[in-house]
Amino acid sequence: MTNPYPDARFQPLSGTLTMYDLRTLRDNLDAIREQLGLRGADVPWDRLRTLIEQRRTMMTQAEQLRHELKKGSDEVATLKRGKQPADAAMAAMKAVGEGIKTIEDELRTVEETLTDLNLRIPNLPHTSVPVGKDAGDNKEVRKWGMPPTLTQPAKSHWELGESLGILDFDRAAKITGARFAVMTGAGARLERALINYMLDLHTTEHGYREVLPPFLVNRSSMTATGQLPKFEEDLFRLRDEDYFLIPTAEVPVTNLHRDETFTENALPIRYTAYTPCFRREAGSYGKDTRGLIRLHQFNKVELVTFTKPEQSHEELERLTGHAEAILQGLGLHYRVVALCTGDMGFSAAKTYDIEVWLPSQNQYREISSCSNFEGFQARRGNIRYKGPVGKKDSKSEFVHTLNGSGLAVGRTVVAILENYQQSDGSVLIPEVLRPYMGGLEHITKP
RNA sequence: GGAGAGGUGGCCGAGCGGCCGAAGGCAGCAGUUUGCUAAACUGCCGUAGGGGGAAACUUCUACCGAGGGUUCAAAUCCCUCCCUCUCCGCCA
């Protein structure tokens with residue numbers, strides 16, 4: 001029932017798989033619609049229903065005609081071999097062939113529309129997800145640590161960074177434009193130290209395998225993880241190739257195993273990857289216009305895992321814990337929030353955000369987002385697993401995919417600058433980072 | 001960027017436009033033989049969707065990189081695209 005190939009014709013015509021198996025969709029349309037609630041508000045459900053039915057009837061017709069054509073052609077062959085006249089049979093089959101072509105042309109249009117609509121239906125939230133309208137309905141799950149006690153008024157990270165000579169937004173604007181940053185000196189090194197610290201912790205302590213993937217991906221990859229077709233305006237796209245800059249390592253790393261089948265005992269598989277991330281940030285004009293919080297390009301260390309369906313929710317807890325471990329190592333106060341149904345991303349079945357404390361803003365800001373996509377991406381990307389070969393009942397099933405930031409590096413720099421700022425304007429470097437900083441303990445004015 | 005070669009079932013590898021869902025081999029599964037292993041032999045052995053059956057199963061349809069076209073009929077002919085390999089050029 002989770003099969004994405006409702007029939008063999010569907011895949012080649014669409015080129016990409018769909019979120020919902022058409023039969024599941026047809027049989028449960030009203031239930032799915034209801035469960036999606038606000039999330040599925042812009043889905044044309046009735047049109048979808050009609051198209052599914054049309055597709056079904058047309059396929060039956062086409063199959064019958066093709067059967068006729070096949071038999072007729074065999075007859076022609078027999079006649080010709082027996083040196084009998086075959087003109088009548090050939091003429092009849094020509095008509096049948098034309099009929100098939102007509103139906104298939106229509107069928108193709110129907111399937112294209114259907115696939116496109118289907119790919120725009122969001123994932124179903126898990127039952128444990130709090131129901132709500134927007135971020136205000138998210139549920140705080142836990143807190144760790146305490147805000148720092150500052151003896152001076154908290155400066156923003158951009159004030160600190162500019163006065164310490166490690167952040168340069170003016171020159172970034174000159175080189176490229178708004179929402180870019182240049183890091184120099186100890187700032188650049190801090191960024192690099194964080195990347196290495198995160199990767200080292202995840203690979204040595206948490207059991208992830210490091211991946212360094214391409215930063216440009218094709219359309220199929222973006223469709224599998226759910227960025228396309230609905231959110232193309234959020235992506236940077238190349239002009240001369242149908243390639244996109246990745247908005248997160250989730251895309252290339254999850255797509256490592258697109259169209260692959262794991263053996264059951266290979267799961268779970270855990271990857272960590274450092275990549276830059278590129279986002280258009282369309283529609284966020286006026287938000288976080290200063291500083292490192294919202295850039296078109298930022299660095300991130302990502303965690304991506306593939307599990308069997310029954311393991312995925314336990315895995316989400318675990319993965320979130322791995323992201324938290326970074327903040328704990330750095331001694332940064334944070335809280336974990338369970339996103340409500342209305343605030344979750346398109347592809348997610350369940351999401352925890354980790355929010356770090358920012359003294360200058362006197363609030364928590366997102367520094368990591370950890371999600372379980374269940375089978376949503378696996379269906380779109382055709383990522384399966386099956387039991388040992390030879391076992392009769394070892395039918396392949398879709399894996400569950402998960403990912404989370406572990407962590408967003410730029411925002412971690414923000415948190416360090418702000419939480420570790422000293423009364424003399426310098427910034428203390430958390431101890432775990434010092435080995436990565438050549439022993440440096442403070443970032444001071446040059 | 002230029003020139004050439006190629007993409008067929010889990011793998012290797014055949015395939016005059018019709019009886020080709022596709023020879024053969026390897027691997028795998030079941031069995032015979034066997035003191036064990038091995039070998040030998042026999043059978044089975046792609047995926048997906050629809051119909052029938054309680055089920056073993058059966059029947060129809062699709063799939064030979066992808067998409068179009070020619071034809072009564074395409075793995076086979078034509079066009080476009082993608083990918084891989086070799087050589088040349090260029091480059092980190």
Gap in Å between the two C1' atoms, one belonging to B:rG18 and one to B:rA54, rounded: 40 Å
Donor-acceptor contact present, side-chain A:Arg179 to main-chain A:Arg294, <3.5 Å: yes
Taking a pair to mean Watson-Crick or G-U wobble geometry with both distances below 3.5 Å, B:rA54 pairs with none
Just the rounded figure in Å: distance from C1' of B:rA73 to CG of A:Leu65. 16 Å
Span that lies between the C1' atom of B:rU76 and that of B:rU86, in whole angstrom: 26 Å
Answer yes or no: is there a donor N or O on one side and an acceptor on the other, between the side chain of A:Arg258 and the main chain of A:Ala224, under 3.5 Å? no
With P as the reference atom in both, quote the distance from B:rG65 to B:rA75 in angstrom, rounded to an integer. 10 Å
To the nearest Å, give me how far apart NZ (A:Lys70) and P (B:rC60) are. 8 Å
In whole angstrom, what separates A:Asn218's CG from B:rG65's C1'? 15 Å
Would A:His296 and A:Phe278 count as a ring pair (Phe, Tyr, Trp, His ring centres under 6.0 Å) here? Give the steps. CA-CA 5 Å; A:His296 289 307; A:Phe278 304 91; 10.0 Å; no
Does A:Asn255 reach the main-chain N or O of A:Val251 with its side chain, forming a donor-acceptor pair under 3.5 Å? yes
Would you mind pulling out the nucleotide paired to B:rC63, Watson-Crick or G-U wobble, both distances under 3.5 Å? B:rG46
For B:rC60, does either OP1 or OP2 sit under 4.0 Å from a side-chain N or O belonging to A:His67? no
Which part of the nucleic acid, if any, lies within reach of A:Met93 when heavy atoms closer than 4.0 Å are counted: base, sugar-phosphate only, or nothing? sugar-phosphate
Is it true that A:Asp242 and A:Arg219 have a side-chain N and a carboxylate O under 4.0 angstrom from each other? yes
Distance between the C1' atoms of B:rC91 and B:rG7, in whole angstroms? 29 Å
Checking N1-N3 plus N6-O4 or O6-N4 for Watson-Crick, or N1-O2 and O6-N3 for wobble, each under 3.5 Å, the partner of B:rC26 is B:rG10
Rounded to whole Å, CG of A:Leu107 lies from C1' of B:rG49 at a distance of 13 Å
Can you tell me the base-pairing partner of B:rC16? Count Watson-Crick or G-U wobble geometry only, both distances below 3.5 Å, and say none if there is no partner. none
Rounded to whole Å, the CE-C1' distance (A:Met90 to B:rU70) equals 13 Å
Counting distance only, does the side-chain N/O of A:Trp158 pair as donor-acceptor with the main-chain N or O of A:Leu167 below 3.5 Å? no
A:Ile100 CD1 to B:rU71 P, straight-line distance once rounded to whole Å: 14 Å
For B:rC41, give the paired nucleotide (Watson-Crick: N1-N3 plus N6-O4 or O6-N4; G-U: N1-O2 and O6-N3; both under 3.5 Å), or none. B:rG31
Name the pairing partner of B:rC87, where a pair is Watson-Crick or G-U wobble with both distances under 3.5 Å, or state none. B:rG2
If we take the C1' atom in both B:rG9 and B:rA48, what is their distance in whole Å? 14 Å
Ignoring hydrogens and angles, tell me if any N or O in the side chain of A:His202 forms a donor-acceptor pair with the backbone of A:Gly406 under 3.5 Å. yes
d(NZ, A:Lys71; P, B:rG18) in whole Å: 22 Å
Which value, in whole Å, describes the distance between the P atoms of nucleotides B:rU61 and B:rA22? 13 Å
Need to verify one output field. Residue with the more 5' nearest nucleotide on RNA chain B, A:Asp105 or A:Glu68? A:Glu68
For A:Lys101, answer base if it contacts any base atom (sugar-phosphate contacts may also be present), sugar-phosphate if it contacts only those atoms, and nothing otherwise; contact means non-hydrogen atoms under 4.0 Å. sugar-phosphate
Using the P atom as the point on both nucleotides, what is the distance between B:rG68 and B:rG15, in whole Å? 28 Å
Take atom CG of A:Asp87 and atom P of B:rA73, then tell me their distance rounded to the nearest Å. 14 Å
With both distances under 3.5 Å as the test, what is the Watson-Crick or G-U wobble partner of B:rU70? none
Rounded P spacing from B:rG2 to B:rC81 in Å: 12 Å
A:Val76 side chain, from C-beta outward: closest of B:rG18, B:rC83, B:rU61: B:rG18
Closest to the A:Ser73 side chain, choosing from B:rC72, B:rC60, B:rA62: B:rC72
Would you mind classifying the nucleic acid contact of A:Lys80 as base, sugar-phosphate or nothing, using non-hydrogen atoms under 4.0 angstrom? base
Looking at the side chain of A:Tyr243, which of B:rG18, B:rC83, B:rU61 is the nearest nucleotide? B:rC83
Ignoring the backbone of A:Ala77, work out which of B:rG18, B:rA62, B:rC72 is nearest its side chain. B:rG18
Distance below 4.0 Å between A:Arg108 side-chain N/O and B:rG68 OP1 or OP2: yes
